[in-house]
Protein chains: 2
Amino acid sequence: MTTASDQTEPKRRGRRAGGEDTKAVLLDAAREVFIARGYEGATVRSIAAKAGVDAAMVNHWFGSKENLFAQAVLKLPFDPTVLVARLLDGPPEQTGDRIARNFTTIWDATGGGPFAAIVRSVTSHDGVANVLREFFLTSVFAKITEGLDVDRVELRASLCASQVIGMGMVRYVVKFEPLASADVDTVVAAVGPNLQRYLTGDIG
Amino acid sequence: MTTASDQTEPKRRGRRAGGEDTKAVLLDAAREVFIARGYEGATVRSIAAKAGVDAAMVNHWFGSKENLFAQAVLKLPFDPTVLVARLLDGPPEQTGDRIARNFTTIWDATGGGPFAAIVRSVTSHDGVANVLREFFLTSVFAKITEGLDVDRVELRASLCASQVIGMGMVRYVVKFEPLASADVDTVVAAVGPNLQRYLTGDIG
DNA sequence: CACAGATTTCATCACTTGTTGAAAATTAGC
DNA sequence: GCTAATTTTCAACAAGTGATGAAATCTGTG
């Protein structure tokens, strides 16, 4: 709805009048459709239709559907290191709360879109599981546990990942109520302490 | 590999010699392929090939790919009520441990197959999210929280679901180490107490 | 053995997929 | 204003999808 053209006219050929960059329009449309349908479910034609251009533009501007997916979804919209810095900035005993608050806030801002897109494409696309692992484990949670002076840093990191990913699944993908609609403070109060135990508590 | 035929002969027509039930062979093959590839990724032809029969048998025995998916994957292989009974049988303060142990043991026994299959088909197939919700929320965790005499039963149920689903995602779908390879006791010691807090603890 | 019914394969349908090459229309440089 | 480069649409491809109807083959009953 955001970028579609409602015209059904015979649509004359040739270069566009000017202004809007088709490459950017395609990226937006692709992100939207990939989020809603996953990699295989999102067809090149449906993406092009939502962008209001011909399907051939995908190959012209991105070479392949594969590459469009990488550009639109796989490429992280922010730097993990600044996120880690923000999560480590504050009292160590409240790190769990900060993790819960930051992820919930960030994902809520986009309706959970990018998260859902990646999860929904975890089968279709070979690299998606690796991207997930690289981001959650290596770039974020391993960095945090390593900065906390605790034992079993890898296990603690994967446990945190399990809770954060599970929260994302329930809140944005399968949408279990009331967690799906709970406000951020409720989520932080519920999930934060459990994350804190994974980080610094006794895990057996 | 389990049910395939390695023959490349011209394969004569007509009714089979006898013995193996094609319907059951197809169900096994379907489960295997749906698990590995998701609903859209698993083609009728690939399922039939793995079963060693013609693709037309799918429509002959199940009417449609849709119905085969329902029969092979969506239909729960066990009764949720007996699971709930087992989870509630014992000291209430160890319910979290029992949940962690039971789900891990059950899923480990099948390599996490059915869980992965459902998650992987959560986009492609409209009913999958509903099946997930119906099972985890309504049939299992809501029943447990209702039997525990605590407040906010729905919120606690969805929180438990988030941790259990997250554990399943990390252990069986994206496979984050070391949680993916940790033995059951380690998982129970780590996850159990967090589930217990969601069930009977102070969640804000 | 004959024959009705069940089971299986085959050939094919209509449709959708990602991709490509050429033609048409527009813009930019001189 | 002419020309070259860029952008866009169109038409079509080969490959693959789920599904279907008929023919071929087997089984079971009489």
Side-chain angles (χ1 to χ4, degrees), chain A residues 3-5 7-27 29-30 33-34 37-73 121 123-126, chain B residues 3-5 7-27 29-30 33-34 37-73 121 123-126:
Chain A
T3 54
S5 97
Q7 308 294 43
T8 27
E9 300 163 11
K11 217 179 236 177
R12 67 181 200 279
R13 298 184 170 182
R15 193 164 176 173
R16 285 244 164 134
E20 56 180 2
D21 186 359
T22 17
K23 198 171 175 182
V25 176
L26 265 177
L27 272 176
V33 180
F34 278 133
R37 301 244 181 286
Y39 181 78
E40 316 219 90
T43 68
V44 169
R45 283 172 172 82
S46 68
I47 293 172
K50 172 141 289 186
V53 294
D54 191 87
M57 301 312 294
V58 167
N59 288 336
H60 183 263
W61 288 109
F62 297 94
S64 66
K65 178 188 180 183
E66 177 90 9
N67 189 251
L68 174 58
F69 181 77
Q71 297 289 324
V73 179
S121 302
T123 333
S124 335
H125 203 81
D126 274 353
Chain B
T3 56
S5 99
Q7 306 295 40
T8 26
E9 301 163 9
K11 220 178 235 180
R12 65 181 198 278
R13 298 184 169 182
R15 193 164 173 171
R16 284 248 164 130
E20 57 181 0
D21 186 358
T22 346
K23 198 171 174 181
V25 176
L26 265 178
L27 273 176
V33 179
F34 278 132
R37 301 242 182 286
Y39 181 78
E40 316 219 90
T43 68
V44 169
R45 284 172 173 82
S46 69
I47 293 172
K50 172 142 290 187
V53 294
D54 191 89
M57 302 311 295
V58 167
N59 289 47
H60 184 261
W61 288 109
F62 298 94
S64 66
K65 176 188 180 182
E66 177 90 10
N67 190 252
L68 173 58
F69 181 78
Q71 298 289 322
V73 178
S121 301
T123 332
S124 336
H125 203 80
D126 274 353

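In what follows, every chain begins at residue 1, and chains take the letters A, B, ... in the order their sequences are listed. Model, not experiment: these values are computed from the prediction.
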Starting from [atom2] on [N], measure out to [atom1] on [X] and report it in whole angstrom.
X       : N      : atom1 : atom2 : result
B/Phe62 : C/dT7  : CZ    : P     : 13 Å
B/Leu26 : C/dT7  : CG    : P     : 13 Å
B/Ile47 : D/dA19 : CD1   : C1'   : 14 Å
A/Asn59 : C/dG18 : CG    : P     : 9 Å
A/Lys23 : D/dT7  : NZ    : P     : 10 Å
B/Asn67 : D/dG18 : CG    : P     : 15 Å
B/Met57 : D/dT20 : CE    : C1'   : 14 Å

Of the candidate nucleotides [options], which contains the atom at the shortest distance from the side chain of [X]?
X       : options               : result
B/Asp54 : C/dT20, D/dT7, C/dT9  : C/dT9
A/Ala55 : C/dT19, D/dC10, C/dT8 : C/dT19
A/His60 : D/dT8, C/dC10, C/dT8  : D/dT8

Only counting residues at least two apart or in another chain, list the ones meeting side chain to side chain donor-acceptor pair (under 3.5 Å) with B/Ser46. B/Thr43
Closest heavy-atom pair and its distance - A/Ala51, A/Leu26: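 Closest pair (atom of A/Ala51, atom of A/Leu26, distance): CB-CD2, 3.9 Å.
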Does the side chain of B/Leu27 reach to within under 4.5 Å of the side chain of B/Leu68, using non-hydrogen atoms?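 In contact.
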I want to check something: taking the side chain as every heavy atom from C-beta on, are A/Val25 and A/Val53 in contact at a cut-off of under 4.5 Å?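 A side-chain contact is absent here, since even the closest heavy-atom pair is not under 4.5 Å.
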Given C/dT8, is OP1 or OP2 found less than 4.0 Å from the side-chain N or O atoms of B/Trp61?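 It does, given that an N or O in the side chain of B/Trp61 lies less than 4.0 Å from OP1 or OP2 of C/dT8.
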Contact under 4.0 Å: A/Thr22 side-chain N or O vs D/dT8 OP1/OP2: yes
CD of A/Glu40 to OH of B/Tyr39, rounded to nearest 0.5 Å, is 13.0 Å
Distance from A/Met57 atom CE to A/Thr22 atom OG1, nearest 0.5 Å? 5.0 Å
Taking A/Lys23 for the side chain and A/Phe62 for the main chain, is one N or O donor matched with an acceptor at less than 3.5 Å? no
Does the A/Lys65 side chain pair with the main chain of A/Ala42, one donor and one acceptor, at a distance under 3.5 Å?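 Between the backbone of A/Ala42 and the side chain of A/Lys65 there is a qualifying donor-acceptor contact (under 3.5 Å).
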Rounded to 10 degrees, the angle between the two terminal axes of the helix from C/dC1-D/dG30 to C/dC30-D/dG1, each from five pairs: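 Taking the rotation axis at each end, their angle is 0°.
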Grab the N/O contacts between the protein and nucleotides 12-17 of chain D below 3.5 Å, and write none if there aren't any.
residue: D/dA12; atom: N6; partner: A/Arg45; partner atom: NH2; Å: 3.4

